[in-house]
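Worksheet: the structure to be examined is printed underneath.
The chains referred to below are lettered A, B, ... by the order of the sequence lines, with proteins before strands, and numbering in each begins at 1.
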Amino acid sequence: MQLSHFIDRRKNPKGKSLGNRQRFLKRAKAQIKEAVNKSLRERSLKEIDKGEKISIPSKSTAEPRFRLDPEKGQRGVVHPGNKEFGAGDRIKKPPKGAGKGKGKKASTDGDSEDSFQFTLTQDEFLDIFFEDLELPNLVKRSLKEIKAYAYKRAGITVAGSPTNMNLVRTMRNAHGRRLALRRPSTKEMNALKERLFELERIAQPDEDQVAEIKDIIEKLESMEKRRRWAPFIDPLDVRYNAYEPTPVETTAAVMFCLMDVSGSMGEREKDLAKRFYMLLYLFLKRRYERVEVVFIRHTHHAEEVDEETFFYSRQSGGTVVSTALDKMLEVQKDRFPAHEWNIYVAQASDGFTQSGDAKACVELLRNAVMPISQYYAYIEILDERELEVFSSDDSGAELWRAYRGFAPAWPNFAQTRIARPQDIFPVFRELFAKNKREAA
Amino acid sequence: MSETLDKSSLLFDTADWDFETLQHALDAIEDIALNDLGLNIYPNQIEIISSEQMLDAYSSHGMPLMYRHWSFGKHFARDQMMYQKGYSGLAYEIVINSNPCIAYLMEENTMTMQALVMAHASFGHNHFFKNNYLFRQWTDADGILSYLDFAKKYIAKCEDEYGLEEVESILDAAHALMDQGVFRYNRPPRLSEADKMAKLAARAAHEELTFNDIWRTLPNQEEDDETAEERQLEVRNIKLPEENLLYFIEKASPILRPWQRELVRIVRNMAQYFYPQKQTKVMNEGCATFVHHYIMNELYDQGLIGEGAMMEFMHSHSSVVFQPEFDDPRYSGINPYALGFAMMEDLKRICEEPTEEDAEWFPEIAGHGDWRAVLKDAWANYRDESFILQYLSPKVMRDFRMFAIADDAAESHVEVAAIHDERGFRRVRERLSGMYDLGMHDPNIQVVAADLEGDRTLRLRHDVHNGRTLSDQTKEAVMTHIEALWGHEVVLMDGDKEA
């Protein structure tokens, strides 16, 4: 009787527990979202589309059971490895920890109980990031899309599919090999054969001729053998064209993040601004092979800083927006020539600037910035209360009003007011629409 | 010269495996297991899986199919992270108490490991599952796979019909009571497994047949009179106190709808199915480890595996049975593999080469000669607690250098109650046996009264042993779950049994 048999399950479909994972994510949604938001604040702009290890409080997904209190009552435990104890010895308990006499163990166990750690995939992470922004589905999909690649010639290989065979190379190799191995050519053989027919046609050959016939037959036989041994084309000769996937566009984009960091921009405002920059970055990254980000912060004067400083350090001072534009133009001229780079500018502000400066800004935009920019997005970050007050597009702070007058002339200029994350996306709507037209 | 001869007789001589080699090795192992050790096993179904599938299996109690629940997703997420970050490795195998006995082997294992794992799981564990009285009495190896299939489909159907949240809330609550959802000592009269399956199928078919969309608008789908009556009869037959909370709730809860009762029942059946495994960790692993150790050595003695394979086996085996001492940072309690294997080997020694001490402690088996029969008897008729109490010998206690600690939470000191010396053997053994008595570790909670006619209050009592009360951290959360299932007030009292 055959008592045992094998089954190869390795080819079974993967992701058997996907349903369980979705249920788990749904269950802990609020906590996961909080963790994601926290990590958005902490992670750098360029890491936005990576998966993330997050930890959530384990309480939300606890599976409670009745447990006996480790700190109450009497217990008897047996341990191995006695070295010096005798019956009746008394050992002082460590000051903190469970009654077991193993303070260290209790505390490490305790820590891991507090939070539950696991890894979100890139997709799951972006889904949660997008959720607040209320992106239309089409946009979500296109943002997550991996860049399209085209196959480009990349030399010659020895393996490949028949359709990719490089005939010229193959024949050249075959030719060289045939020469090296002295493969008798068909021409040579035909000549001999002709001579043979000629000789055979002679009714009564003399001795020399008989010898020649024999000689030719022998020669032909050995040539035939040699030809079999050194074939016309050998697998060794075959070469294929190699193709390598290469990104379609290899253009580069630079994204200027301008932000007002004067006292009026608090943590909430900066957080909103960061999401705005993140979304723009994601979008650019999808379209361009290489994306550089430049951070320029300003009060009454502007400077280029790193991301850390940009989002987290504070500075006091007045507000002169045009200084940031000046700085941006300076950096652009210095490092990002307009014919090589696609230039995107994203500006976040609370809308206040020194009186008279708004006019200067508009001048700068019209004469210098807009002509070289692909897209300029301006967001004004408000309180939710303020948003209601400024329900009309025409009223608003000085900068807003100035931009309003200027915007219609420039289709690639967008401005909006945001108070909540879901207000961010409309800024980009035009941008995506344009992209769609290009794709069509 | 002789080396080349040896090589040709080997079952395998590389680390790589293929199915032909596996089959040869399995045949050789089977020969020793059946004809030398005389094991009695279920047919084996050995499945080769990838590491990702192993993670999948981890998260669902190792079962090949399981209903869907977020907690399995949670375990998967954690295990996956631990594995990917390299904090923990994966088991070499998982084996399931079913007929045929399913064992999973990881594809990454070397050929030596595959042989070891087959001997361990497909013969060691398999024999234990088939012969141990707890498994025979409490689990149904023939029916478990079809029951799981039923449970999975049934729960999926409920999710479709009543919504994920509804189903989830019942499962959450029932999971919280899994430790209190088993029969420990006596089981109520019940249908045979086959009858049960037939009845379930009939029940499902009946529901389908009588399905009427208008009913969905009614607040409660009531059970029909016949089943209600049958259930009431069962409830009246329950003698209080009842230790199986899930059973009592399933039968007597005033608010559960029929499908909800079925969910509770599924969880209860799972708990009961896994209960024997919790009670036989030392014996089960001891049996499997003893079997693989014996078989691998026998293969080596017969010249079927080479020195290299033997070295690899020894390395792996010794790390499996490694027991760190109590003051070692790696120590996390007694390793069931180490204790089980040591005790099995020791039983064999007592049968073959007894000392005077053995003759005094184990007169009935010392010098018995037939160690195979003695071991098989032990594997069949004991669980960890009783096995240790019966067979833990002074030699094993000395080898482990065991000592017993008495720990009173009220005191500032712990006391060494006994050590591995002449006076202490029996006490150490009793204490160790007590550690494996689940009755001492799982809180013992009983239904003492349920006012089914009046205000429907459910009264529970926690029998306190040695002053060990329930931990407040989880008590409230679990009580909430019980109330969700019961629908009315639930009272939990502490009862001091010794008092």
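The backbone N or O of B:P443 sits less than 3.5 Å from a side-chain atom of B:Q180, completing a donor-acceptor pair. A donor-acceptor contact shorter than 3.5 Å links the side chain of B:H127 to the backbone of B:N40. Checking side-chain atoms of B:R401 against main-chain N and O of B:E325 turns up no donor-acceptor pair under 3.5 Å.
B:E165 touches chain A through its side chain: at least one heavy atom from C-beta onward sits under 4.5 Å away, while N, CA, C and O do not. Only the side chain of A:R27 comes within contact range of chain B, with heavy atoms under 4.5 Å apart. With a 4.5 angstrom heavy-atom cutoff, B:L164 touches chain A only via side-chain atoms. Proximity to chain A involves both the backbone and the side chain of B:F72, based on heavy atoms less than 4.5 angstrom apart. If you measure heavy-atom distances from B:I102 to chain A, you find no contacts under 4.5 Å at all. Heavy atoms of B:D328 lying under 4.5 Å from chain A are absent altogether. If you measure heavy-atom distances from A:A62 to chain B, the contacts under 4.5 Å come from the backbone alone. Using a 4.5 Å cut-off between heavy atoms, B:E430 makes no contact with chain A at all. Residue contact with chain A, scored on non-hydrogen atoms closer than 4.5 Å, is absent for B:M66. Residue B:M402 touches chain A through both its backbone and its side chain, counting heavy-atom pairs closer than 4.5 Å. Only the side chain of B:L492 comes within less than 4.5 Å of a heavy atom of chain A; its backbone N, CA, C and O stay farther away. Contact annotation for B:A417: only backbone heavy atoms (N, CA, C, O) come within less than 4.5 Å of a heavy atom of chain A. Heavy atoms closer than 4.5 Å to chain A are found in both the backbone and the side chain of B:E47. Both the backbone and the side chain of B:L470 come within contact range of chain A, judged by heavy atoms closer than 4.5 Å. Residue contact with chain A, scored on non-hydrogen atoms closer than 4.5 Å, is absent for B:P100.
Not counting sequence neighbours, the partners of A:T157 by the side chain to side chain contact (heavy atoms under 4.5 Å, CB included) test are A:Y240, A:A242.
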- request: I would like to know whether A:F6 and B:L22 meet side-chain contact (heavy atoms from CB on, under 4.5 Å); could you show each step before the answer?
  value: CA-CA 9 Å; A:F6 291 96; B:L22 279 182; 3.6 Å; yes
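Taking the six-membered ring where the residue is Trp, the centroids of A:H79 and B:Y331 are separated by under 6.0 Å. Between B:Y42 and B:F123, a ring centre-to-centre spacing not shorter than 6.0 Å is recorded. Taking the six-membered ring for Trp and the full ring otherwise, B:H175 and B:H481 have centroids separated by 6.0 Å or more.
For the options B:E476, B:M479, B:E415, heavy-atom pairs under 4.5 Å to chain A are most numerous at B:E415. Note: B:I445 leads B:V428, B:L177, B:D399, B:I445 in heavy-atom pairs under 4.5 Å with chain A. Of all the listed residues (A:L25, A:I7, A:D8), the one sharing the greatest number of non-hydrogen pairs under 4.5 Å with chain B is A:I7. Residue with the most contacts toward chain A among B:A477, B:A57, B:S412: B:S412 (heavy-atom pairs, distance under 4.5 Å). Options A:G88, A:A87, A:P80, A:G86 differ in how many heavy-atom pairs under 4.5 Å they form with chain B, and the most are formed by A:P80. Put simply, of B:E411, B:M118, B:R427, the one with the most heavy-atom pairs under 4.5 Å next to chain A is B:E411. Among B:T480, B:D172, B:L105, the residue making the largest number of heavy-atom pairs under 4.5 Å with chain A is B:D172.
Looking only at atom types and distance, the side chain of A:N20 has no donor-acceptor partner in the side chain of B:H75 under 3.5 Å away.
Within a 6.0 Å radius of CD in B:E108, other residues, nucleotides and ligands contribute more than 12 heavy atoms. Within a 6.0 Å radius of CD in A:E34, other residues, nucleotides and ligands contribute 12 heavy atoms or fewer.
Between B:F403 and B:F326, the ring planes are perpendicular. Angles over 60° get that label, and only those under 30° would be called parallel.
Salt bridge absent: A:R75 and B:D408 never bring a charged side-chain N and a carboxylate O closer than 4.0 Å.
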